[in-house]
Amino acid sequence: MKTETDLKKMIEKITYIDRAYERTIHERWNHLAKPIGSLGLLEDMVARLGAIQENIHPSVQKRAIVVMAGDHGVVAEGVTQTGQEVTKSVMENMLVTASSITPFAKISHADVIPVDVGIASDIETDLVWKKKVRYGTGNIRREAAMTRAEAVQSIFAGLEVMKELKENGYQAVATGEMGIGNTTMSSAICAYLLHQPVEMVTGKGAGLPNDAYSHKIQVIKDILNLHKPDENDMIDVLTKIGGLELGGLIGCFLGAGYYRMPIIVDGFISSVAAYMAIKMAPEASDYLFASHCSEEPAGKLMLNALGLKAYFYGNMRLGEGTGAAMCFSFMDYALAAYEGIPSFDEAEIEEYTPFEELENEENKG
């Protein structure tokens, strides 16, 4: 069994990307036949992909959507519209028939990797990756979510998935999650770590009516009043008020840095995991790409905390990696432009002069 010491040793090996690759790729962009900087975030995207892969011609042809799943004891407090059995059903059907992520993955040309980190019952198909740490979390309104050792194991579940994907030639990963009750857990963590009022960061999840929504807010307040995790110790936060799929996602984000792979943050829950990961390893931030801004109340708040800009706003709050899957299309467009737009010489067009150089010339005059 992997230990916390093993985790710390892995984290110490995560490094920032080499900015020289970014500069080289931006320079190449500037010599393509278009206005300088006119593709905005897409130009930055290619530059960072190249720096991660240490290649001025990056590629993300083989890609995966990792969907981490776990159940939550807090469902017993009436904070959700459906029961825990839905988590198992969705995960079992993800590769057999269809789920929300299935058509998105097809369009994105990505393989779906469903992972059981903590579903409350046994999964009956071999198509789901088995990384179960325990059968769901404790009811965090009454007790800790898990033990500290279990929290560490849930993080290693994500690290192990990233290792297997790297070894099998995958070049980029999108993150997703499935777990009835996980917006309650994520809102509690968001409110606690970002020092925000519970009302500001809590949404209706999968569509709670107003009275149940008010109850959910009170439950989250009760959770925070009961537990006093060390806000400088993410394993303690995960242990006391977290989730098993959240730990798995943290492991994925740490693994992206360790194995040097670009990874796409999905919505609110995914962004909470990403934030906890970079609190553990600031260097891991260089490997993160934000797909969209979640419609959940804390969606923009979390992206700001991560220092990331969303590539689109779709008012989405579905989860399962649906937003992250769409980000692969942005990568495809960005890379197609980078490789397909001719240079000024090839197009026989006079090069644009960078705005800063024009200003300098005017000042000299």
Side-chain angles (χ1 to χ4, degrees), residues 1-14 64 66-74 84 87-88 91 113-140 143-168 170 173 175-179 182 185 189 227 229-230 232-261 263 269-270 272-274 276-281 283-284 287:
M1 181 178 291
K2 297 288 188 178
T3 67
E4 196 168 331
T5 300
D6 296 322
L7 180 59
K8 289 178 180 178
K9 287 179 179 178
M10 292 188 73
I11 287 173
E12 288 171 357
K13 294 181 180 179
I14 300 173
V66 175
V67 183
M68 291 286 177
D71 276 311
H72 298 263
V74 75
Q84 288 186 337
T87 305
K88 176 185 177 182
M91 293 300 285
I113 311 293
V115 184
D116 173 12
V117 191
I119 297 174
S121 54
D122 289 320
I123 290 288
E124 298 169 5
T125 171
D126 292 334
L127 297 176
V128 175
W129 290 28
K130 309 298 196 306
K131 302 287 183 181
K132 194 189 296 289
V133 175
R134 59 178 274 174
Y135 291 89
T137 62
N139 180 351
I140 57 175
E143 59 184 325
M146 62 193 89
T147 68
R148 190 174 180 94
E150 289 167 340
V152 171
Q153 291 311 304
S154 71
I155 294 172
F156 268 108
L159 283 161
E160 289 167 5
V161 168
M162 294 299 287
K163 180 177 185 289
E164 291 180 57
L165 293 177
K166 180 73 172 183
E167 290 174 346
N168 283 285
Y170 285 89
V173 173
T175 56
E177 40 65 38
M178 180 61 205
N182 60 13
M185 166 271 297
I189 293 173
H227 302 284
D230 181 349
N232 296 310
D233 180 354
M234 294 303 102
I235 297 177
D236 191 48
V237 175
L238 182 62
T239 297
K240 291 176 178 174
I241 59 175
L244 294 154
E245 79 276 38
L246 190 76
L249 286 172
I250 292 170
C252 286
F253 292 121
L254 293 174
Y258 186 83
Y259 295 107
R260 301 193 66 83
M261 297 174 71
I263 191 165
I269 295 155
S270 179
V272 170
M276 293 176 73
I278 66 170
K279 291 283 281 185
M280 297 172 74
E283 299 85 353
Y287 302 83

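Just so it is clear, the model here is predicted, and its values are computed rather than measured.
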For [X], which residues count as a side chain to side chain donor-acceptor pair (under 3.5 Å) partner, sequence neighbours excluded?
X	value
S270	T175
K130	none
T239	none
Y170	D111

Side chains of [X] and [Y] in contact at under 4.5 Å (non-hydrogen atoms):
X	Y	result
V67	M91	yes
I113	E164	no
M10	L254	no
F156	D6	yes
L7	M280	yes
V128	I119	no

So, taking the atom named [atom1] in [X] and the one named [atom2] in [Y], what distance separates them when rounded to the nearest 0.5 Å?
X	Y	atom1	atom2	result
T147	K240	OG1	NZ	13.0 Å
L159	F253	CG	CZ	12.0 Å
H227	I189	NE2	CD1	11.0 Å
M146	I235	CE	CD1	11.0 Å

Considering non-hydrogen atoms only, spot the tightest contact between [X] and [Y] and give its length.
X	Y	result
G242	A145	O-CB, 3.3 Å
T87	A69	CG2-CB, 4.3 Å
V66	C252	CG1-SG, 4.1 Å

Between M68 and V161, is a side chain to side chain contact (heavy atoms under 4.5 Å, CB included) present by the stated rule, with each step listed?
-> CA-CA 10 Å; M68 291 286 177; V161 168; 4.1 Å; yes

Scan the side chains in residues 120-127 for donor-acceptor partners under 3.5 Å anywhere in the protein, sequence neighbours excluded, and list what turns up.
from	atom 1	to	atom 2	distance (Å)
D122	OD1	Y135	OH	2.6
E124	OE2	K88	NZ	3.2
T125	OG1	L127	N	3.1

Under the salt bridge (Lys or Arg N to Asp or Glu O under 4.0 Å) rule, collect the residues that match up with [X], sequence neighbours excluded.
X	result
D116	K132
K2	none
E4	R148
E283	none

All pairs passing side-chain hydrogen bond (donor to acceptor under 3.5 Å, both in side chains) where residues 153-162 contributes a residue, at least two apart |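 Qualifying pairs: K131-E160.
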
Under 6.0 Å from the NZ atom of K163, do we count more than 12 heavy atoms belonging to anything else shown?
-> no

By side-chain contact (heavy atoms from CB on, under 4.5 Å) - contacts of A256 (at least two apart) |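 With neighbours one apart ignored, the set is M162, I263, Y287.
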
Are any side-chain N or O atoms of D236 and backbone N or O atoms of D230, one a donor and one an acceptor, separated by less than 3.5 Å?
-> yes

Mind listing the side-chain donor-acceptor pairs of residues 244-251 below 3.5 Å, one per line with the distance, residues two or more places apart or on another chain?
from	atom 1	to	atom 2	distance (Å)
E245	OE1	H72	NE2	3.1
E245	OE2	H72	NE2	2.6
E245	OE2	N182	ND2	3.1

